[in-house]
Amino acid sequence: MKGNAMKTLKAIYMESEKENYIDASLYPRYRVKAGLRNDNGTGVKVGLTKICDVVGYQYIHGKKINVDGKLIYRGYSVQDLINDPNFAQLGNYERIAFLLIYGKLPNAEELSLFTQELLKKRNLCNIDPKYQTTSILNGVQIEVLKLYGQDPNPDSDTLEERMLKGLSILAQIPLITFSFFTGQQICEYPLPNKSLAENILVMARGSNIYTHQEARVMDTLLVLHADHGGGNNSTFANVVISSTGTDIYSCISAAIGSLKGPRHGGASTKVYQQMKEILKVTQHSRDPELMKNIAYQLLNKDFFDKSGLIYGIGHAIYTISDPRCQCIKAECKKLAKEKGQLDTFYTLEAFENAAIDVMKKEKGVTACANVDFYSGFAYSMLGISESLFTPLFCISRTAGWIAHHLENRQSNRKLIRPANVYVGSLKKLEDDNHENDHSI
């Protein structure tokens, strides 16, 4: 009986499908910005922030001018930060997390205190790594929400208390992630006197043997994914929920749910899968014509997943260059030399150049390789499982989520409450003659 009822309700819903469809032509008619995007593809301005800026174009006399991409953390260019001599050692992610949350670069004592707090042993006795789920991030979401129940004062709204709760979340998400990855409770970091990047490598690979360049690549990936402005989907979701005044656990869990979506956090996995198919076809050839042919096939839905997309090429903001891609590409080349995989690196570089050229000719757009283009290759050289690509993104981005959450609670006292335009019909009860009478 229950099965028949569900079947009938499904049939009713499918028959009513047109009642839920919004014609795309209605958006410009009602001057509604679909996806909070302007007609030229730029994002609608929805807030102010001092934390991070993403630059890929400028407006000069009303005309959009493409410029070299910049990612700014608290006023500092991410490229300058990574190339600074002070960042030659490991532990750069900890510096960047401190910078994003506190608004300044830490001195040696501050960095030591911050790192000690992140890497100290945690009480994770309530974690359930055997929870049945196909997604590590789904498990992480649940465990972050459970932290609310373990907090003696979870709804306290002072900024300093929210900050301390945020640090606790930042410290525990890696342990929770690898508890689900391994199926065993991990309550402490294996290398408490080392960097987070080194600890992640050890937990991901089950071995404490690694080279400095391997740890450097992991550290760089964490830095580059730490934040990307207030407009990226997961951070915006976090800020929207923060504006209600709810607890930080709910806000971070919502951000994780957003990042879990394949259109946001899963791009590096798609790029890596595409890369493997390209390498099968090219056999490490760098022939420009062969590469262009593959790019055309991807656009024409005749290769890989037939989506019409070239994964890893193009970005909503960056046009001429993505600074994150440039940084990780440089580190990948060093690691590829160490690993004897320079042939693969140069093949990817050849496809990158060909794809950019094809996008210009076919789409008329200036596109660049984005951070995901080399990230999957980097993870593969590190021996990282594909199932960890997006969770590692989550671990890194938590610092940015905490910073934006605190900024919103301090500076934005208005509930974020936009509006929709109703485009349905107006009806009277007597108009409904129940002509579709389904018996259950």
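Along the sequence shown, residues carry numbers from 1. Keep in mind it's a predicted model, so treat the numbers as computed, not measured.
At distances below 3.5 Å, at least one donor-acceptor pair connects side-chain atoms of N238 with backbone N or O atoms of W401.
With 3.5 Å as the limit, one finds a donor-acceptor pair spanning the side chains of Y311 and S307. When only modelled atom types and interatomic distance are considered, N232 and R397 share a side-chain donor-acceptor pair under 3.5 Å. For the residue pair D372 / Y272, no side-chain donor-acceptor distance below 3.5 Å is found, with atom types taken as modelled. Residues S156 and T158 bring no donor and acceptor atom of their side chains to less than 3.5 Å of each other. Under 3.5 Å, the side chains of E352 and Y374 contain a donor-acceptor pair of N or O atoms. Judged by distance alone, the side chains of E19 and S16 never bring a donor and an acceptor atom under 3.5 Å apart.
For the pair K276 and E386, the salt-bridge criterion is met [side-chain N within less than 4.0 Å of a carboxylate O]. Between E331 and R216, at least one side-chain nitrogen of the basic residue sits less than 4.0 Å from a carboxylate oxygen of the acidic one, meeting the salt-bridge criterion. Salt bridge status for K339 with E214: present, with a side-chain N to carboxylate O gap under 4.0 Å.
Looking only at side-chain heavy atoms (C-beta outward), T49 and H404 come within less than 4.5 Å of each other. Counting only heavy atoms from C-beta outward, the side chains of V217 and L382 approach each other to under 4.5 Å.
Note that K64 lies in the cation-pi zone of Y57, set by a 6.0 Å cut-off to the ring centre and a 45° limit from the axis.
Between H228 and Y318, the ring centre distance stays below 6.0 Å.
Under the rule for a ring pair (Phe, Tyr, Trp, His ring centres under 6.0 Å), Y27 has no partner lying at least two apart in sequence or in another chain.
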